[in-house]
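Working notes for the structure below.
A, B, ... follow the sequence lines: proteins, then strands. Residue 1 opens every chain.
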Amino acid sequence: EPEVTQTPSHQVTQMGQEVILRCVPISNHLYFYWYRQILGQKVEFLVSFYNNEISEKSEIFDDQFSVERPDGSNFTLKIRSTKLEDSAMYFCASSEPADRGDSQPQHFGDGTRLSIL
Amino acid sequence: AQKITQTQPGMFVQEKEAVTLDCTYDTSDPSYGLFWYKQPSSGEMIFLIYQGSYDQQNATEGRYSLNFQKARKSANLVISASQLGDSAMYFCAMKRSGGYQKVTFGTGTKLQVIP
């Protein structure tokens, strides 16, 4: 079964450094997302991306964050200058085109655990 | 705005028994989808089951079924014949209909299956 893949599985970074989290969505999916989950808390939406532009972003997704689809397969999340509070599990997700159903499920990758020191 | 409420922070169930995980939601959207995800201790997020707001029948996927009561705005997950591997965190979630709508998650219920 096709799946969303994320790399790396664990990233340790010094505060203030830039970090790039990578994702390969499922190949026929057109909608891409990033979520984060601070340890012990619920999953929070960061950003959605469609047709090479951001569709929606949350208040968490400030100027320190950016997303990019640099080629036909990868989808990246960049944090420019990391802070201690950015430590979390970051999930990439993708979903099928909307015309396949009224609300297609989002399929999540296994996550990248980001630890800021 | 959408809101998901899971009032059971933790649940225990005996192996081979059925268990119901509660979920209520609030939305003003006329069309939406409801989902359940499983998160084992290893951290990944596994999609389990989906219910569309206009679906007449309750969704089922193997041992998982979704007890959808639209008037009560509830979408409880029923796991039949619990297995030790079902021990995990379970999240109820929803999104508006439409391709790129965000998913809103509940706070989760930690299920532990006892041998």
Neighbour count >12 (heavy atoms, 6.0 Å) for atom CD, A:Glu85 = yes
Considering residues, nucleotides and ligands other than A:Asp63, do more than 12 of their heavy atoms fall under 6.0 Å from its CG?
-> no
When rounded to the nearest 0.5 angstrom, what is the spacing between CD in B:Gln39 and CZ in A:Phe91?
-> 4.5 Å
How about A:Leu39: does its CG atom have over 12 heavy atoms from other parts shown lying under 6.0 Å from it?
-> no
If you measure from CD on A:Glu44 to OG1 on B:Thr104, what distance do you get to the nearest 0.5 Å?
-> 11.0 Å
Of all of B:Glu44, B:Met89, B:Lys102, which one pairs up most often with chain A through heavy atoms under 4.5 Å apart?
-> B:Lys102
Given side chains that start at C-beta, do those of B:Met45 and A:His107 come closer than 4.5 Å, heavy atoms only?
-> no
Can you find a heavy atom in the side chain of A:Gln37 that is under 4.5 Å from one in the side chain of B:Phe91?
-> yes
Kindly check if the number of other-residue, nucleotide or ligand heavy atoms within 6.0 Å of NZ (B:Lys73) is above 12?
-> yes
Shared ILVMFWY cluster between A:Phe32 and A:Val24, side chains joined below 4.5 angstrom?
-> no
So how far is it from B:Gln101 CD to A:Tyr33 OH, rounded to the nearest 0.5 Å?
-> 8.0 Å
For the residue pair A:Tyr35 and B:Phe105, establish whether any side-chain heavy-atom pair is separated by less than 4.5 Å.
-> yes
What about the rings of B:Phe47 and A:Phe108, do their centers lie closer together than 6.0 Å?
-> no
With the 4.5 Å side-chain cut-off for hydrophobic clustering, are B:Ile4 and B:Leu48 part of the same group?
-> yes
